[in-house]
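Heads up, the thing below is written out as structure tokens.
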Amino acid sequence: MTQILDGKTLSLQIKDEIANEVRKITANGGRPPHLAAILVGEDGASQTYVANKEKSSHEVGFMSSVYRLPENISEEEVLKVIDFLNNDEEVDGFIVQLPLPKHIDEQKVINAISPNKDVDGFTPINIGNMVLGQEAFIPATPKGICTLLQRNGIETEGMHCVVVGRSNIVGTPAANLMSRKAFNCTVTMCHSRTRNLAEITRQADILVVAIGKPEFITADMVKDGVVLVDVGIHRIPDSTKKSGYHLCGDVKHSEVDSKCSWVTPVPGGVGPLTIVSLLQNTLQAYKANNTVRG
Ligand code: GUN
């Protein structure tokens, strides 16, 4: 029987836990944690993500601010906002929403973020510390995947985890985390140039799909009993829907789900955990920040 890795319900539980911590902090006279975001341009998906971040921040009692910058802003101006946030003692953590417009060097912008405010875990220092197993901010989506597996009691010890996708944001950190002692998986990473992909995905006990292609994984590519984590979320034009689109993932759920022991729905699987992970990272930044300042 297929069981659902229900990210929506779990995210509500964890938000409750975070809200309780925030209430304790403020009851003791502390200021609430503060998460900021820089949003450049008008990309629809980015606006949705930042709006969700703001809503969730308020739900747990965080302060939240958004720096909305025009599409044609110079790289130098973006770097100035980062410098300002790096030095703002009232801001514990911030993110720069990706992707950035083409004329801005994304890595240069990420490199400018102070590692102790980099709650996305995208700076070289945080990625390096993560790989070394040192204290670090873990990127939100792979952290959310780990939380979903752990909180649902999924057995991972010695399992073959196949990660499809090698992005800096999801695939690469997810593969690293699953090989760690906390999970003890044997990990294979696949990507768009992998030969005989289906042969490899069929070996997966745990399959994490973050390839960014709608309904890419089909029934013939998985074995019975797989634990399937679908990171993809795509808007597909659909004239039968009021909104004009429907959502789908990187997995063809209509034919794959019945083969799974556990599966993440889209939406309501990994997505809600991504936001929650960002809130957890911000609380972690707040605590580190306030210890330093006594
Ligand atoms: N764009 C897509 N996912 C993310 C994310 O997790 N963080 C940021 N900053 N941008 C994104």
Side-chain angles (χ1 to χ4, degrees), residues 7 11 35-57 62 64-69 71 73 75 78-79 81-82 85-86 91-102 104-115 117-127 130 136-148 163 165-177 208-214 229-235 247 249-250 264 266-267 269-282 284-285:
S11 74
L35 171 62
I38 299 174
L39 175 60
V40 184
E42 307 283 332
D43 179 74
S46 293
Q47 284 178 333
T48 304
Y49 185 77
V50 169
N52 280 338
K53 176 211 77 82
E54 265 204 294
K55 180 167 167 276
S56 301
S57 293
F62 282 10
S64 167
S65 46
V66 181
Y67 291 76
R68 290 187 170 79
L69 309 175
E71 178 85 21
I73 195 165
E75 185 178 283
V78 176
L79 293 173
V81 178
I82 290 175
L85 290 173
N86 282 343
V91 169
D92 301 292
F94 65 97
I95 67 160
V96 178
Q97 186 61 34
L98 303 178
L100 290 170
K102 297 249 177 307
I104 298 176
D105 180 342
E106 222 159 73
Q107 196 58 49
K108 192 168 168 190
V109 165
I110 289 169
N111 290 352
I113 301 171
S114 171
K117 295 197 177 186
D118 168 31
V119 286
D120 253 336
F122 289 172
T123 58
I125 294 274
N126 275 310
I127 293 171
M130 178 191 74
F137 294 116
I138 307 296
T141 299
K143 178 170 172 149
I145 294 168
C146 294
T147 306
L148 255 183
V163 178
R166 58 177 156 185
S167 70
N168 290 343
I169 295 182
V170 187
T172 295
N176 176 259
L177 292 167
V208 177
V209 191
I211 191 82
K213 293 181 186 163
V229 176
D230 184 357
V231 181
I233 187 148
H234 309 275
R235 283 183 182 186
L247 295 173
D250 287 353
T264 58
V266 175
V270 175
L273 264 298
T274 297
I275 298 269
V276 156
S277 303
L278 192 61
L279 299 175
Q280 288 175 320
N281 284 351
T282 304
Q284 182 185 331

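Every number for a ligand or one of its atoms is a count from 1 in the order of the listing. The analysis underlying the following values was restricted to heavy atoms, covering all of them including side chains, and did not include hydrogens, waters or symmetry mates. What you see is a predicted model, and the numbers here were worked out from it, not measured in a lab.
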>> Evaluate Gln107 against Asn111 for side-chain hydrogen bond (donor to acceptor under 3.5 Å, both in side chains), listing each step before the verdict.
In response: CA-CA 6 Å; Gln107 196 58 49; Asn111 290 352; 3.0 Å; yes

May I have the list of side-chain donor-acceptor pairs in residues 138-148 shorter than 3.5 Å, sequence neighbours left out?
unit_1	atom_1	unit_2	atom_2	d
Thr141	OG1	Thr274	OG1	3.2
Lys143	NZ	Asn281	OD1	2.8
Thr147	OG1	Lys143	O	2.9

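- There is no side-chain donor-acceptor pair under 3.5 Å between Ser114 and Asn86.
- Shown here are the side chain to side chain contact (heavy atoms under 4.5 Å, CB included) partners of Thr172, two or more places apart in sequence or in another chain: Arg166, Met189.
- Considering only residues two or more places apart in sequence or on other chains, Lys108 meets the salt bridge (Lys or Arg N to Asp or Glu O under 4.0 Å) condition with Glu75.
- Distance alone, capped at 3.5 Å, is enough to place a donor-acceptor pair between the Asn126 side chain and the Pro115 backbone.
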Just list the N/O pairs, ligand 1 to protein, that are under 3.5 Å apart, with the distance for each.
unit_1	atom_1	unit_2	atom_2	d
ligand 1	1 (N)	Gln97	NE2	3.2
ligand 1	1 (N)	Leu98	O	2.9
ligand 1	7 (N)	Asp120	OD1	3.3
ligand 1	7 (N)	Asp120	OD2	3.1
ligand 1	9 (N)	Val96	O	2.8
ligand 1	9 (N)	Asp120	OD2	2.6
ligand 1	10 (N)	Gln97	NE2	3.4
ligand 1	10 (N)	Leu98	N	3.0

